[in-house]
Visitor: 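Please see the structure below; I have some questions.
In the text below, chain A, chain B and the rest are named by the order of the sequence lines, each starting its count at 1.
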Amino acid sequence: MESRYAPQAVEAHWQAAWDKHQLYHSEPSSQPAYSLVMPPPNVTGVLHMGHVLNNTLQDILARYARLKGYNVCWIPGTDHASIATEAKVVQRLRAQGRDKHTLGREAFLQEAWRWTEEHGGIIVTQLKRLSVSADWKRYRFTLDPPLYRAVIRTFVQLYREGLIYRGKRMIHWDPAALTALSDEEVIYKTHDSQLAYVRYPAESGEALVIATVRPETILADVAVAVNPHDERYAHWIGKRVRVPLTDRWVPVIADEAVDPAFGTGCLKVTPAHDPKDYEIGQRHGLLIIDIFTPTARLSDAAGPYAGLSREEARTRILNDLAAAGLLEKTEPYTHSVGHSERTDAVVEPRLSEQWFVRMQPFAQLALQAVEKGEIRLVPERFLATYRHWLENIKDWCISRQLWWGHRIPAWYAPDGQVFVAETEAEAHAAAQTAGYDPATLTQDPDVLDTWFSSWLWPLSVFDFFEQPDNPDFRTYYPTEVLVTAPEILFFWVARMIMAGYHFAGQKPFSVVYLHGIVRDKLRRKMSKSLGNSPDPIALMDTYGADAVRLGIVMSAPAGNDLLFDEALCEQGKNFCNKLWNSFRLLELWRERATDKAPTPFQEAAYEWFSVRLRALQREIENLLREYRFYEALHTLYRGVWEDFCSWYLEALKPGPPPALLAAVERHAETLLQLLHPFVPHITEELWHGLRKAPEHESVGLLPLPEAAPLQPAETALLESVAYAQEAITKLRGLRQSFGIGGSLRLTVQTSRPAYVSALEGWFRHFLPLESWAVQTEPLQRPALRLVFRQEVYYAEAEGAAEALAALRKKLEAELEHTERFLRTIQAKLQNPHFLAKAAPEVIAREQQKQLDAEARRQHLVEQLEALRM
RNA sequence: GGGCUGUUAGCUCAGUUGGUUUAGAGCGCUGCUUUGACAGAGCAGAGGUCGGAGGUUCGACUCCUCCACAGCCCA
């Protein structure tokens with residue numbers, strides 16, 4: 001073995017081997033199943049740190065479940081990402097001087113498929129580089145024929161159940177992608193803008209002043225509204241004002257929706273371009289003037305302003321208002337503006353004919369499941385957000401004016417009659433029956449929101465819609481846990497829950513683990529433009545995939561956003577190296593093993609670590625059961641570095657004889673198993689080195705039995721060894737700070753000589769000791785003293801005499817601390833309220849503390865006395 | 001504007017139902033050690049009046065209220 005661990009070749013080797021032997025392929029069996037579905041990344045995406053986090057956590061769960069003997073089925077897949085992919089294809093066409101519409105639907109889809117094939121394999125390869133132990137044989141893509149059919153089938157079903165409808169509604173319009181968006185696809189960003197105060201003249205010559213951030217929509221005004229309770233404007237109601245820059249007269253109306261506190265308390269009503277205004281318009285039967293084109297330029301309805309962009313029109317209109325003396329003032333104003341999640345274009349509220357899912361009935365299902373505890377959110381605090389969203393849910397706009405995706409299975413007759421059916425033939429037949437000529441039918445050109453296929457994911461990957469009772473579905477559904485980011489709790493998680501209950505009558509998963517967003521160490525979101533988003537592949541090339549996995553988990557405390565720092569990968573790499581070298585030491589011992597019997601201390605150390613390892617395993621397993629990945633790793637990290645390397649292996653030096661070594665190697669093997677979910681490659685390599693197992697066997701598939709609970713005697717053993725280790729550390733500190741080089745003659749004064757004597761081996765091994773004595777009486781000679789717990793350690797050594805003065809300072813400081821502590825305890829014990837109200841065992845504990853502290857003070861005082869001699 | 005978190009060592013975080021002796025860890029920092037598994041290391045050390053102000057309680061990092069600051073989600 002080399003003295004430095006080089007991950008690259010090792011990782012490549014094991015990845016290939018696992019793949020070749022299909023270690024992670026699952027078939028239904030009598031073993032209990034543990035299944036999970038991967039949140040499918042965009043098919044044409046590239047791996048970023050968010051994927052690394054998401055998939056590492058799932059991989060840890062999957063590998064851990066295998067150790068515990070489950071039949072683990074982890075379904076990987078990718079998402080067609082309708083709008084994102086289409087945007088990229090359109091962009092490429094544009095670069096080639098072509099465009100979607102002249103190309104036509106069929107040719108465009110061919111382009112899109114070509115794009116998908118070119119870029120689709122990249123992320124899969126990258127996930128494998130990270131060593132995602134998914135069942136790649138079961139890879140699914142949301143446009144695969146069975147999944148496509150599932151989408152169509154559920155659309156038809158919901159339509160027939162009256163849960164899908166078509167209607168003219170105000171939706172968010174993306175003027176760049178030229179499509180409708182769902183509420184969830186709109187991202188609000190703060191904008192610094194201008195609030196313009198505009199005069200609307202009345203016939204009387206008076207004028208109403210209205211504050212607006214969107215003066216360009218003045219041209220679409222059809223009324224002015226005030227709050228009915230607003231006395232300032234009571235006499236205006238029913239009068240008419242002229243819309244500035246036009247000669248259109250509009251009524252002043254009263255509506256509760258007007259906020260009297262905003263601006264001047266008057267609202268210009270533009271039903272075509274604002275959702276709130278739309279509702280006011282509906283209530284008052286106002287007409288609708290639409291002045292925008294689909295690309296959000298001003299249309300012919302805007303007269304002289306036709307052809308301008310929103311921004312240009314805003315500037316021009318402000319100028320014209322000023323010139324006409326109708327602009328009272330402008331003031332700076334900060335507000336939130338909706339942007340398209342995918343194109344970042346400022347969205348425009350737009351009235352249009354779209355398909356919607358009625359969400360009310362679904363919301364009930366999704367809320368109940370979580371509130372009744374059938375599905376658990378981790379961390380739990382997301383329940384509040386989840387509930388709030390579901391209680392205020394609006395219907396889901398599912399049609400998109402795009403081509404890449406699942407095409408809406410609706411056909412229209414020339415008079416607008418709709419026929420929804422799974423196939424064109426069925427639609428034609430239905431039309432025929434209804435007395436229409438099938439030849440005149442045209443299919444809806446739109447496709448469905450990407451999430452309309454994603455919400456079926458846990459069902460469709462197991463072919464539920466094709467064969468509801470198939471063995472895969474029966475075995476693997478519901479899945480165990482969904483690991484994802486909170487930002488898609490509504491987009492996706494809630495809707496999967498709805499779909500699970502509605503279509504299959506069962507939850508899709510039992511636990512939702514929500515991890516944070518990966519940020520840089522300055523808390524900034526990772527983004528390409530900031531250049532603060534490291535390329536995971538480059539990181540893996542530098543540090544190794546195991547180290548990157550450690551790095552990302554070490555930066556991930558449960559539930560919070562995580563601050564990723566490349567230094568953590570370095571730390572991960574160092575940890576791998578440490579682990580590597582500990583196995584090198586075992587190998588060295590194996591080569592040099594002699595037939596001598598183990599020393600009593602080696603046996604004692606072995607006994608100790610046997611218990612310590614069990615305690616560690618129990619701790620780690622408890623933490624993993626609670627999805628506390630970081631803490632589980634941290635426990636393991638310290639267990640390896642401190643307990644295993646610094647104490648156990650050190651204690652066994654210069655090396656155990658073969659029989660004991662074999663037992664030590666079993667300890668090492670258990671450690672490898674515990675580590676395997678976090679660092680699969682190095683553990684596999686070390687295990688094969690240790691066991692010389694054939695390539696198709698894996699430490700990750702070696703059963704890991706439950707660790708037995710600790711008996712009281714075992715807990716006491718751990719406690720006493722921890723005591724010895726702490727005392728040894730303090731004595732080493734004493735030696736270091738007083739510059740003592742040689743070995744110590746150690747005398748321990750104690751009231752519990754048996755307890756201390758049992759630990760002699762540890763002191764002898766870890767401190768250079770010349771002699772060791774345990775007694776109940778104080779030492780009468782001058783010596784270095786350490787007062788630790790109930791004992792006094794007297795250390796005599798060459799050169800110690802000179803250090804006595806320095807020791808006095810240390811003891812004095814300690815005495816002061818002890819006295820301060822004692823005073824607080826005494827105050828407590830003299831407080832009659834405390835004695836009257838505190839529980840007896842609490843009082844007893846405080847009294848014991850007082851006794852201990854008094855004894856320690858006594859020791860310290862005596863030591864100081866002795867030093868003055 | 002509505003809702004939800006958080007504020008503990010230089011940084012990132014633990015701290016289980018209020019009472020374990022001076023509130024813990026990792027990293028970083030300081031000093032010593034180039035000792036035979038590992039300098040990608042070893043050994044030790046320093047460092048915090050638990051955001052502020054009140055309150056409840058015999059007792060508060062822990063419970064309550066208010067304030068300040070930071071962040072997230074939603075409109």
Side-chain angles (χ1 to χ4, degrees), chain A residues 1-5 183-184 186 188 259 261-262 275-276 335-336 338 379 381-389 391-392 394 486-487 489-490 516-517 519 521 523 543 547 554-563 565 567-568 570-589 626 628 630-631 633-635 637-638 641-642 645-646 649-650 653-655 728-737 739 766 789-790 813-814 816-818 820-822 824-825 827-829 831-839 841-843 845-846 848-853 856:
Chain A
M1 285 172 87
E2 297 296 319
S3 74
R4 291 175 172 222
Y5 173 56
D183 295 346
E184 287 70 29
V186 178
Y188 289 86
D259 176 6
F262 181 82
K276 190 166 122 184
H335 65 140
S336 296
R381 63 185 156 85
F382 284 104
L383 176 59
T385 321
Y386 180 80
R387 183 188 294 124
H388 188 258
W389 182 73
E391 283 171 351
N392 297 286
K394 293 198 189 126
E487 53 190 358
L489 187 57
F490 310 133
I517 298 167
R519 298 173 178 272
K521 61 180 168 182
R523 287 195 188 275
Y543 302 100
M554 282 193 283
S555 56
N560 294 330
D561 281 356
L562 52 109
L563 275 43
D565 183 348
L568 292 167
E570 175 99 39
Q571 198 185 331
K573 190 179 98 170
N574 293 350
F575 177 72
C576 290
N577 193 55
K578 181 74 183 177
L579 182 67
W580 178 260
N581 273 288
S582 66
F583 278 75
R584 241 183 101 204
L585 181 60
L586 293 178
E587 192 186 57
L588 205 79
W589 286 347
E626 290 303 311
R628 302 179 74 149
Y630 168 80
E631 279 120 313
L633 172 60
H634 193 246
T635 304
Y637 180 94
R638 297 190 61 204
W641 210 301
E642 287 166 22
C645 293
S646 294
L649 295 184
E650 288 298 331
K653 279 183 179 177
I728 287 163
T729 299
K730 292 213 180 253
L731 286 165
R732 282 168 170 170
L734 206 64
R735 285 174 33 132
Q736 276 196 22
S737 48
F766 285 94
R789 304 280 173 90
Q790 303 169 38
E814 214 177 319
E816 202 188 308
H817 272 300
T818 307
R820 201 189 323 149
F821 174 70
L822 206 48
T824 65
I825 298 229
K828 197 183 271 189
L829 286 169
N831 181 343
H833 299 291
F834 173 72
L835 295 172
K837 297 201 178 177
E841 64 268 24
V842 171
I843 295 174
R845 200 154 48 208
E846 293 299 313
Q848 187 57 47
K849 277 194 221 170
Q850 184 183 25
L851 290 176
D852 290 348
R856 198 166 59 249

Visitor: Using the C1' atoms only, state how far B:rC66 lies from B:rG28, rounded to an integer number of Å.
Guide: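 37 Å, rounded to whole Å.
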Visitor: Is the A:W389 ring parallel, tilted or perpendicular to the A:F490 ring (thresholds 30°, 60°)?
Guide: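 Ring orientation of A:W389 relative to A:F490: parallel.
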Visitor: Expressed as a whole number of Å, how far does the C1' atom of B:rU16 sit from that of B:rG52?
Guide: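 Their C1' atoms lie roughly 27 Å apart.
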Visitor: To the side chain of A:D183, which of B:rA75, B:rA25, B:rC38 is closest?
Guide: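 Of the options given, the side chain of A:D183 lies nearest B:rA75.
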Visitor: Please report the distance, rounded to the nearest Å, between CG in A:N574 and P in B:rG28.
Guide: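 Interatomic distance, CG of A:N574 to P of B:rG28: 9 Å.
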Visitor: For B:rG3 versus B:rA46, give the span between their P atoms, rounded off to a whole number of Å.
Guide: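 Taking atom P in both B:rG3 and B:rA46, they lie 48 Å apart.
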Visitor: On a whole-Å scale, what distance lies between the P atoms belonging to B:rA53 and B:rA68?
Guide: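 Taking atom P in both B:rA53 and B:rA68, they lie 15 Å apart.
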Visitor: B:rU5 and B:rU65: how far apart are their P atoms, nearest whole angstrom?
Guide: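 Rounded to whole Å, the distance is 11 Å.
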Visitor: Starting at the 5' end of RNA chain B and moving along, which residue's nearest nucleotide shows up first, A:N577 or A:R732?
Guide: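 Comparing both residues, the 5'-ward one is A:N577.
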Visitor: Expressed in whole Å, how much space separates the C1' atoms belonging to B:rU62 and B:rG55?
Guide: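 Pairwise C1' distance, B:rU62 against B:rG55, rounds to 15 Å.
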Visitor: Heavy-atom distance under 4.5 Å between the side chains of A:Q571 and A:Y543, does that happen here?
Guide: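 In short, these two side chains do not touch, never coming nearer than 4.5 Å.
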Visitor: Could you tell me whether the side chain of A:F575 reaches within less than 4.5 Å of the side chain of A:M554, counting heavy atoms only?
Guide: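 Result no, sub-4.5 Å side-chain heavy-atom pair not found.
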Visitor: Nearest whole angstrom, please: distance from the P of B:rA14 to the CD of A:E626.
Guide: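 Going from A:E626 (CD) to B:rA14 (P), I get 15 Å.
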Visitor: Closest nucleotide of RNA chain B for A:L649 versus for A:R4: which of these residues is on the 5' side?
Guide: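 The 5'-side residue here is A:L649.
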Visitor: When rounded to the nearest Å, what value does the distance between C1' atoms of B:rU34 and B:rA70 take?
Guide: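 Going atom to atom, C1' in each nucleotide, I get 46 Å.
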Visitor: Within the structure shown, what part of the strands sits under 4.0 Å from A:E650 by heavy-atom distance: base, sugar-phosphate, or nothing?
Guide: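 Base contact - A:E650 has a heavy atom under 4.0 Å of at least one base atom.
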Visitor: Whole angstroms only, please: what is the CD-C1' distance between A:Q790 and B:rU21?
Guide: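 Computing the A:Q790:CD to B:rU21:C1' distance gives 11 Å.
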Visitor: Measure from the side-chain N and O atoms of A:N577 to the backbone N and O of A:K573, and report whether any donor-acceptor pair falls under 3.5 Å.
Guide: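 Pair absent, no side-chain N/O of A:N577 close to backbone of A:K573.
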Visitor: Rounding to an integer number of Å, can you tell me how far A:M1 CE sits from B:rA37 P?
Guide: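 Checked: the CE to P distance equals 13 Å.
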Visitor: Could you check how far CG of A:L489 sits from C1' of B:rC73, rounded to whole Å?
Guide: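 Distance check: A:L489 CG to B:rC73 C1' gives 10 Å.
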Visitor: Expressed in angstrom and rounded to an integer, what is the separation of A:F490 atom CZ from B:rC4 atom P?
Guide: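 In whole Å, B:rC4 P lies 13 Å from A:F490 CZ.
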Visitor: Hey, does the side chain of A:S646 reach the backbone of A:W641 with a donor-acceptor pair shorter than 3.5 angstrom?
Guide: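 Yes, A:S646 side chain to A:W641 backbone: donor-acceptor pair under 3.5 Å.
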Visitor: Please report the distance, rounded to the nearest Å, between OH in A:Y5 and C1' in B:rG40.
Guide: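 My rounded result for the distance is 13 Å.
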